Student: 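Below you will find the structure I want to go over with you.
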Amino acid sequence: MSDWILVVNDDTANLRMASRILSEEKMRVSCLKSGEDAIKFLRDNRPDLILLDVHMPGMDGFQTIAAVRENNETAGIPVIFLTADDDSDTEKRGLEAGAMDFLKKPFVPEVLLLRVRHTIDLIRLQTDLSREVEKKTQEVMAQHEKLEKISMQIVTALSGAIDAKDKYTNGHSTRVARYSREIARRAGLSSERQNDIYMMGLLHDVGKIGVPDIIINKPERLDDEEYEIIKKHPIMGAGILENITEFPNLITGAKWHHERYDGSGYPDGLAGEAIPLEARVIAVADSYDAMSSRRSYRDVLPQHVVRSEIENGKGTQFDPEIADIMLAMIDDDSEYQMREK
C-alpha cells in the first residue's frame, strides 16, 4: 500500500509542485488549500503524513496543528511544516506545537522526498517498537501471572499440609489468611500488600511442621516443657521461609505473629509498632480464629465472648487500631459466619 500524504497550502503552485514530486514516487497525495478544509478532511480520513503550510488565510498552520493534536483520532499523524520563513522563532513555535520537521519553500525535490520518507519511516519504526514492547510486556505479564498462580498453589498446598498436622485446626491457616486480608483492605492497604498479607497468613504456622505431632495434638493442657517446644515454631517457620529469596518479607507473619503489643510476646519481645504491621494484623486474625474454632477441650466460643476478648486485648495483646477493625468486622457479621463450620 502506497504512503498517503495530505498537503495543505493556500498556494496552488506549491500544491501542484508537491503533488507532482510525491506522485512520481508512487505516493498517494491529497491537496487542500486551508486549515479548515484539512480538519474536515481528517474527520473521515487518516493520511500517513501532513505537509502543512504555516501562513494561510483563516486557520494558520499553528491553529491547524493544534486542532489535529487535540483530537485523539488524529493526534498521532506526523506533521511537517512548510514555510518560507527563515527565523528561529517560527521553527521553535512549530516544534513546540508538535511538528516533526520543517521544509523551506520553494521546495527542493530531493530534500522534500528525503524529509517525507525519513519521517514516515521514523513513525513506522516507533509504531513497530511500541507494538513489540507491548507484545513482550504482555508475554512477561502472562508468565508472571502463571508463576504467581503456581506459587499460590504451592503455598496453599503447604498451608493444607500444616493444618493437616493439627486435627483440631482444620482450615485454620486459610481462615486466618482471609481475615488478615480483609483487615488489610479495611485498613486501606494496597492490593499488593493485601495479597502479601494473605500469603503470610497462609504460612504463619509453617513452623509447626517441626513440632512433634504428639504435642500439637495433645488433648490436655501442655506442660511447661511442651509449651516451650511449641513456642519455637515461629523461629522454625522463619528458618523455613527465609530461603525464599524472591519474597524476603514472607517470614514476617510466621516469625512475629505471637508478639504482643505490650512487649510480652515471643520470640523477640517486640512491642508496639516495632512489631511489623503484617504480623500485628495476623496476630489479631489468628487469635480470633482460635476462639471461633473448635478445640479438643471446647466448642466454638459464642460471638459475644470472642468480641469481648478482642476488646479486652486492645493495647496489651493487640494493636488497638487493628483490633478496632476486627471488632467492626465482628459487628458486621450478624449471622456469625466468620467461624469454623
Side-chain angles (χ1 to χ4, degrees), residues 159-160 162-189 193-194 197-198 200-205 208 215-222 226-227 230-231 233-234 252-254 256-266 270-273 275-341:
S159 170
I162 298 165
D163 286 354
K165 191 174 173 69
D166 186 347
K167 64 183 180 182
Y168 299 115
T169 58
N170 183 37
H172 169 69
S173 296
T174 300
R175 290 191 300 274
V176 169
R178 288 205 310 264
Y179 302 154
S180 297
R181 182 168 58 189
E182 177 60 15
I183 292 171
R185 186 191 71 79
R186 293 189 181 213
L189 301 186
R193 290 192 74 182
Q194 292 173 40
I197 286 177
Y198 180 81
M200 291 177 191
L202 285 175
L203 295 178
H204 77 284
D205 272 343
K208 286 185 177 179
I215 294 178
I216 288 180
N217 291 304
K218 184 178 179 181
E220 301 87 13
R221 186 181 183 86
L222 299 179
E226 291 166 336
Y227 185 58
I230 206 165
K231 280 176 64 176
H233 80 270
T252 302
W256 291 301
H257 69 282
H258 281 295
E259 300 289 355
R260 292 171 59 99
Y261 200 72
D262 62 5
S264 64
Y266 62 90
L270 302 180
E273 294 189 6
I275 307 168
L277 175 61
E278 292 83 356
R280 281 179 270 149
V281 169
I282 292 170
V284 174
D286 184 42
S287 293
Y288 174 85
D289 189 68
M291 291 185 283
S292 60
S293 301
R294 295 176 183 84
R295 291 294 183 266
S296 60
Y297 50 87
R298 64 158 172 81
D299 201 349
V300 174
L301 294 177
Q303 189 183 45
H304 73 276
V305 173
V306 177
R307 191 190 193 287
S308 178
E309 290 296 318
I310 298 291
E311 182 73 51
N312 293 337
K314 289 170 57 176
T316 53
Q317 184 174 357
F318 308 124
D319 179 329
E321 294 183 6
I322 303 302
D324 280 338
I325 295 174
M326 187 76 248
L327 290 170
M329 290 167 57
I330 294 172
D331 292 341
D332 290 342
D333 183 24
S334 59
E335 302 296 324
Y336 200 13
Q337 295 298 309
M338 290 193 304
R339 62 185 178 89
E340 183 184 7
K341 301 299 187 292

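The structure displayed is predicted, hence computed values, not measured ones.
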Student: Begin from the C-alpha positions of Gln303 and Ile330 and carry the test side-chain contact (heavy atoms from CB on, under 4.5 Å) through to its verdict.
Tutor: CA-CA 8 Å; Gln303 189 183 45; Ile330 294 172; 3.8 Å; yes
Student: Hey, could you give me the CD/OG distance between Glu340 and Ser292, rounded to the nearest 0.5 Å?
Tutor: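 If I round to the nearest 0.5 Å, the distance is 8.5 Å.
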Student: Roughly how far, to the nearest 0.5 Å, is the CZ atom of Arg185 from the CD1 atom of Ile325?
Tutor: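 Reported value, rounded in 0.5 Å steps: 10.0 Å.
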Student: Testing Ile183, Leu327, Ile310 one by one against Ile322 for a side-chain contact (heavy atoms from CB on, under 4.5 Å), which residue passes?
Tutor: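 Testing each of Ile183, Leu327, Ile310 against Ile322, the sole residue satisfying side-chain contact (heavy atoms from CB on, under 4.5 Å) is Ile183.
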Student: Over all heavy atoms of both residues, which pair between Ala177 and Gly201 is shortest? Give the atoms and the distance, please.
Tutor: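 Reported closest heavy-atom pair: CB-C, 3.9 Å.
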Student: So, using side-chain hydrogen bond (donor to acceptor under 3.5 Å, both in side chains) as the criterion, who are the partners of Glu278 when residues are at least two apart?
Tutor: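 Residues passing side-chain hydrogen bond (donor to acceptor under 3.5 Å, both in side chains) with Glu278: Arg193.
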Student: Measure the spacing between CG of Leu270 and CZ of Arg260 and express it to the nearest 0.5 Å.
Tutor: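 If I round to the nearest 0.5 Å, the distance is 13.5 Å.
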Student: Looking only at heavy atoms, which two atoms of Asp289 and Val176 are closest? And how far apart?
Tutor: CB-CG2, 4.0 Å
Student: List the atom of His204, the atom of His257, and the distance in Å for their closest heavy-atom pair.
Tutor: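 Heavy-atom minimum between the residues: O-CE1, 3.1 Å.
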Student: Of all heavy-atom pairs between Pro234 and His258, which one has the smallest distance, and what is that distance?
Tutor: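 Looks like CG-CD2, 4.2 Å.
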Student: Side-chain contact test, heavy atoms from C-beta onward, threshold under 4.5 Å: evaluate it for Arg280 versus Glu273 and give yes or no.
Tutor: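 Heavy-atom side-chain distance check passes, below 4.5 Å.
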Student: Ring pair (Phe, Tyr, Trp, His ring centres under 6.0 Å) with Phe318: which residues, sequence neighbours excluded?
Tutor: none
Student: With rounding to the nearest 0.5 angstrom, report the OG to CE distance, Ser180 to Met326.
Tutor: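 Interatomic distance, Ser180 OG to Met326 CE, rounded to 0.5 Å: 9.0 Å.
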Student: Ignoring hydrogens, what is the shortest heavy-atom contact between Ser287 and Gln317? Give both atom names and the distance.
Tutor: OG-NE2, 3.2 Å
Student: State, to 0.1 Å, how close Lys314 and Pro320 come at their nearest heavy-atom pair, and which atoms those are.
Tutor: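 In this case the closest contact between Lys314 and Pro320 is CE-O, 4.2 Å.
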Student: Looking at side-chain heavy atoms only, is the closest gap between Leu301 and Arg339 below 4.5 Å?
Tutor: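 They are not in contact (no side-chain heavy atoms under 4.5 Å apart), so the answer is no.
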Student: Applying ring pair (Phe, Tyr, Trp, His ring centres under 6.0 Å), name anything that partners Tyr288, two or more places apart in sequence or on another chain.
Tutor: Tyr179
Student: Can a donor-acceptor pair be found, under 3.5 Å and without considering hydrogens, that links the side chain of Asp286 to the backbone of Ile282?
Tutor: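 Looks like no, no N/O pair under 3.5 Å.
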Student: Do the charged groups of Arg178 and Glu182 touch, with an N to O distance under 4.0 Å?
Tutor: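 Salt bridge flag = no for Glu182 with Arg178.
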